[in-house]
Trainee: 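Here it is: the structure, laid out below.
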Amino acid sequence: MDSEVVVQEDMEGSWTLLSWIASCLMVFGGALPYVPQYQDIQRSGSSEGFSTRVCLVLLIANILRIFFWIGKQFELTLLLQSVMMILTMFAMLHLCCTVQNTNRVSTRQHRLSDLDFRYFWKWSAFEDYLLFCFGFTVLCAVVTLLLLDSAVFVETLGSLAVMFEAMLGFPQLLQNFHNGSTKGMSVKMVLLWTAGDIFKTTYFVMNESPAQFWVCGSVQIIIDVAILLQVLFYSQDTRVKLG
């Protein structure tokens, strides 16, 4: 009888450890795909191959997810993941702005205050991206405060959050299509996207997270595969891209 108790305790301890490791991977794993892309931009001194609209999509998605958490508390792990992703996207935007301003030939600056939609999310100053996100966060806070008691609003908020997140790779897919090339895009980043999306979708299903999350993960996997197919289609030597 005692041996059965010991085995059960060992199994519970092992499961707790695995659960803790999985939670850590969820929090920090989402940022890992951007490390090779960050390094590629630093190394090449160009951000042309990377779509900064990926950052826009993820910033909106994770800000919405934070307010969704306020209305419907789910795993704390997913809240911490959102905070980590927001910080990661700001780091990517800061690097892109620095590189673009260094390489800029024209002295013309595009600012948020110009209110020129043609240059939306193509601003010259990193501060403009911070200001936009601050304004969006304040707007979300006010609306959430007014409608927090509405279950329909909370579920809609969650659906919007995962809908934006599901479209994470879509701006990159479009940019590759318009460029007719995947040059400047880190293939390692997309491979890590794919691995991460498969992992987190499995995590959502196993932890019985809200349905919006695993649907989002499934859509992301499809887009990741589409981008990898672009790499094969546009590159004559895929081994060079993977290196």
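Just so you know, these numbers use all the heavy atoms, side chains as well, and skip hydrogens, waters and symmetry mates. Source: prediction; values computed, not measured.
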Trainee: Before you tell me yes or no, could you show the steps for Val35 and Tyr38 under side-chain contact (heavy atoms from CB on, under 4.5 Å), namely the whole-Å CA-CA distance, both residues' side-chain angles and the distance that decides it to 0.1 Å?
Mentor: CA-CA 5 Å; Val35 174; Tyr38 191 96; 5.6 Å; no

Trainee: With no hydrogens and no angle check, is any side-chain donor or acceptor of Asp114 less than 3.5 Å from a backbone partner on Arg111?
Mentor: yes

Trainee: For Thr52, is there any backbone N or O sitting under 3.5 Å from a side-chain donor or acceptor partner on Trp121?
Mentor: yes

Trainee: Do the side chain of Gln109 and the main chain of Ser124 share a donor and acceptor less than 3.5 angstrom apart?
Mentor: no

Trainee: Without swapping roles, check the side chain of Asn62 against the backbone of Met85 for a donor-acceptor pair under 3.5 Å.
Mentor: no

Trainee: How many angstroms lie between atom NZ of Lys72 and atom CG of Leu148, to the nearest 0.5 angstrom?
Mentor: 13.5 Å

Trainee: Nearest 0.5 Å, please: how far is CD1 in Ile86 from CZ in Arg65?
Mentor: 9.5 Å

Trainee: Using atom types as modelled and distance alone, determine if a side-chain donor or acceptor of Gln81 lies under 3.5 Å from a backbone N or O of Gly29.
Mentor: no

Trainee: Over 60° means perpendicular and under 30° means parallel, so classify the ring planes of Phe126 and His94, tilted if in between.
Mentor: perpendicular

Trainee: Answer yes or no: is there a donor N or O on one side and an acceptor on the other, between the side chain of Ser47 and the main chain of Phe50, under 3.5 Å?
Mentor: no

Trainee: Answer yes or no: is there a donor N or O on one side and an acceptor on the other, between the side chain of Gln37 and the main chain of Met185, under 3.5 Å?
Mentor: no

Trainee: Identify the heavy atoms of Trp123 and Cys97 that sit nearest to each other, and give their distance.
Mentor: O-SG, 4.3 Å

Trainee: Which heavy atom of Val187 sits nearest to which heavy atom of Leu228, and what is that distance?
Mentor: CG1-CD2, 4.5 Å

Trainee: Check whether more than 12 heavy atoms from other residues, nucleotides or ligands sit under 6.0 Å from atom OH of Tyr129, and answer yes or no.
Mentor: yes

Trainee: Write down the atom of Met84, the atom of Val27, and the distance for their closest heavy-atom approach.
Mentor: CG-O, 3.4 Å

Trainee: Would a hydrophobic clustering, with Ile, Leu, Val, Met, Phe, Trp and Tyr connected at side-chain separations under 4.5 Å, put Phe233 with Phe177?
Mentor: yes

Trainee: Nearest heavy-atom pair of Val99 and Gly45: which atoms, and what distance?
Mentor: CG1-O, 3.1 Å

Trainee: Applying side-chain contact (heavy atoms from CB on, under 4.5 Å) between Leu64 and each of Val162, Leu157, Leu59, report the one that passes.
Mentor: Leu157

Trainee: Consider only side-chain N and O atoms of Gln220 and Asp224, and report whether a donor and an acceptor are under 3.5 Å apart.
Mentor: no

Trainee: CG of Asp40 to OG of Ser186: how many Å apart, nearest 0.5 Å?
Mentor: 4.5 Å

Trainee: Just how far is it from atom CD1 of Ile227 to atom CG of Leu232, taken to the nearest 0.5 Å?
Mentor: 12.5 Å

Trainee: What distance do Cys55 atom SG and Ile60 atom CD1 have between them, rounded to the nearest 0.5 Å?
Mentor: 11.5 Å

Trainee: Check the surroundings of atom CD in Glu48: do more than 12 heavy atoms from other residues, nucleotides or ligands lie under 6.0 Å from it?
Mentor: no

Trainee: Donor-acceptor pair, distance only, cut-off 3.5 Å: does the side chain of Asp116 make one with the backbone of Arg118?
Mentor: yes

Trainee: How close do Arg53 and Lys122 get, counting heavy atoms only, and between which atoms?
Mentor: NH2-CE, 3.7 Å

Trainee: Is Val154 reachable from Leu160 through a run of hydrophobic residues whose side-chain heavy atoms are each under 4.5 Å from the next?
Mentor: yes

Trainee: Passes side-chain contact (heavy atoms from CB on, under 4.5 Å), Leu130 versus Phe90? Steps please.
Mentor: CA-CA 8 Å; Leu130 290 177; Phe90 281 146; 3.7 Å; yes

Trainee: If every non-hydrogen atom of Thr98 is compared with every non-hydrogen atom of Thr102, which pair is closest and at what distance?
Mentor: O-OG1, 2.8 Å

Trainee: Using a 6.0 Å cut-off, check whether atom CZ of Phe164 has over 12 heavy atoms from anything other than its own residue.
Mentor: no

Trainee: For the pair Glu165 (side chain) and Ala61 (backbone), establish whether a donor and an acceptor sit closer than 3.5 Å, ignoring hydrogens and angles.
Mentor: no

Trainee: Take the angle between the ring planes of Phe117 and Phe120 and call it parallel below 30°, perpendicular above 60°, tilted in between.
Mentor: parallel

Trainee: The test is side-chain contact (heavy atoms from CB on, under 4.5 Å); show your working for Trp69 and Leu76 and say whether it passes.
Mentor: CA-CA 9 Å; Trp69 187 89; Leu76 182 62; 4.3 Å; yes

Trainee: Would Leu145 and Phe134 show up in the same hydrophobic cluster when neighbours are defined by side-chain heavy atoms closer than 4.5 Å?
Mentor: no

Trainee: What distance do Thr88 atom OG1 and Tyr34 atom OH have between them, rounded to the nearest 0.5 Å?
Mentor: 8.5 Å

